[in-house]
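Worksheet for the structure shown next.
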There are 2 protein chains.
Amino acid sequence: MSLRFALLGLLAEEPSSGYDLTRRFEEGIGTFAWSAGHSQIYPELAKLAAAQLVEVVSEGARGRRVYDVTPAGRDALRDWLLGPHTDGGTVRNEFVLRLFLLSALEDADAQVVLRGVQEFAAQQIAVLESAQQEMAAAGLARSAGPNLAAKFGALSYQATHEWAGWASEQVAWRTERS
Amino acid sequence: MSLRFALLGLLAEEPSSGYDLTRRFEEGIGTFAWSAGHSQIYPELAKLAAAQLVEVVSEGARGRRVYDVTPAGRDALRDWLLGPHTDGGTVRNEFVLRLFLLSALEDADAQVVLRGVQEFAAQQIAVLESAQQEMAAAGLARSAGPNLAAKFGALSYQATHEWAGWASEQVAWRTERS
DNA sequence: AAAACCATGTAATTGGTTACATGATTGG
DNA sequence: CCAATCATGTAACCAATTACATGGTTTT
């Protein structure tokens, strides 16, 4: 079900072709929230169009078809976003899974991984912050979506960075005690 | 592939039955990293046993079978954790997806959701912190796994809380300008 | 005795990834 | 004219969820 709404939301932000949407899933939204490949996107767009939640608004070269949400699609999206989200849905995140399983490693190995994680997080923070400054400098044409995503990413990586530091201390403390 | 390693990791921390593992996926690891239902776990345990990465270490009432990782399983897990993790894998997180699509809502609606998110995050932080204090008070028997998870959760929710506040300001600013 | 919970499994369906397939357009 | 990229689609396979199915044990 989530893919439907991801597509509706992306189209609500900006009308796009299936190809465009595939690219957009490789950016912020794909890194932190949800991703999909083109082989999943094209059939889903067809279904959404059949349900009249999206429609083709222009056709271009190479069979390119740009979709936009219909008013019905906007309503469906709004209902979903404002509706009850009791369970938060299932989560799949291989990166975080690795972090959670670290305690299965010997201390020295765990420290190596934790240092790597910290480095990676620091690097990502730097990338996102410089991107944000570029965007701000390039004028006010900052659309909400990418901006929200970048901020979310920066804060998430900061949390990861801090966690890795804390975890590393815990492991060191455990090593000393033994 | 990830499920295999999730199971190996959980068993490395503590030998468990399929039923136990199902419950454990409903806690920290399921909320932040990876989850699975029993109908996926039992067949996967059978496959892991066939590959000699896990083994049955005891049988109890009601056909209960407790599994533990074998040395080969431990090696496989270690290789995976220390191996190259170039792409971080795909991410699926419905909660975060909702956040990313918020910009499709009208400002007033978005503010309602953002306030809800902030409240939820604050509440989760409180729950996790009190749980951690309880654990600390209950003595030193704090195993690494749940502890790491709780800390990760607390930091993640803090990031979410901060993000929601920031996003709310952004939306308010956009509202005024229009 | 009944309800709640422990404990395991399989089958049917849906969701998602990888591989296969084709062709147009643009830039160098 | 060649390579890169744009653009769309389907098929085969694997992963995951939901529904079906059974029975033992503990608690009230």
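Here is the naming used below: chain letters follow the sequence lines, and residue numbers restart at 1 for every chain. Computed over heavy atoms, backbone and side chain alike; hydrogens, waters and symmetry mates excluded.
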State whether the number of non-hydrogen atoms from other residues, nucleotides or ligands found under 6.0 Å of [X] atom [atom1] is greater than 12.
X        : atom1 : value
B:Glu119 : CD    : no
B:Glu94  : CD    : yes
A:Glu162 : CD    : no

How many Å lie between [atom1] on [X] and [atom2] on [N], as a whole number?
X       : N      : atom1 : atom2 : value
B:Leu7  : D:dA16 : CG    : P     : 11 Å
A:Glu94 : C:dT17 : CD    : C1'   : 14 Å
B:Glu59 : C:dT8  : CD    : C1'   : 12 Å
A:Ile41 : D:dT8  : CD1   : P     : 10 Å
B:Phe5  : D:dA15 : CZ    : P     : 12 Å
A:Arg64 : C:dT25 : CZ    : P     : 14 Å
A:Arg4  : C:dT14 : CZ    : P     : 13 Å

Should B:Glu13 and B:Arg24 count as side-chain neighbours, where that means a heavy-atom distance under 4.5 Å? yes
Can you find a pair of side-chain heavy atoms, one from A:Leu7 and one from A:Ile41, that are under 4.5 Å apart?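 Yes. Closest side-chain heavy atoms under 4.5 Å.
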Think A:Thr90 has a side-chain N or O under 4.0 angstrom from the OP1 or OP2 of D:dA16? no
Polar atoms only, N or O, under 3.5 Å: list the protein pairs with nucleotides 18-27 of chain D and their distances.
unit_1	atom_1	unit_2	atom_2	d
D:dT18	O4	B:Ser39	OG	2.5

Earlier contact from the 5' end, DNA chain C, for A:Ser35 and B:Tyr42: B:Tyr42
Scan residues 43-55 of chain B against DNA chain D and write down, sorted by residue number, each residue with any heavy atom closer than 4.0 Å; if none is found, say none. none
Out of B:Trp163, B:Phe152, B:Phe95, B:Phe32, which residue meets the ring pair (Phe, Tyr, Trp, His ring centres under 6.0 Å) rule with B:Tyr157?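 Running ring pair (Phe, Tyr, Trp, His ring centres under 6.0 Å) over B:Trp163, B:Phe152, B:Phe95, B:Phe32 with B:Tyr157 returns exactly one hit, B:Phe32.
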Without hydrogens or angle criteria, can the side chains of A:Ser17 and A:Arg64 be said to hold a donor-acceptor pair below 3.5 Å? yes
Would B:Ser35 and B:Glu26 count as having a side-chain donor-acceptor pair, cut-off 3.5 Å?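 The criterion, which ignores hydrogens and geometry beyond distance, is not satisfied for B:Glu26 and B:Ser35.
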Between A:Arg78 and A:Trp80, is NZ or CZ placed under 6.0 angstrom from the six-membered ring centre and within 45° of the ring axis?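 No, cation not above the ring by the 6.0 Å, 45° rule.
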Near DNA chain C, counting only heavy atoms under 4.0 Å, which residues of residues 18-33 of chain B show up? B:Gly18, B:Tyr19
Of all heavy-atom pairs linking B:Val96 and A:Ala33, the shortest is CG1-CB, 3.8 Å
Ion pair A:Glu27/A:Arg23, N-O distance below 4.0 Å: no
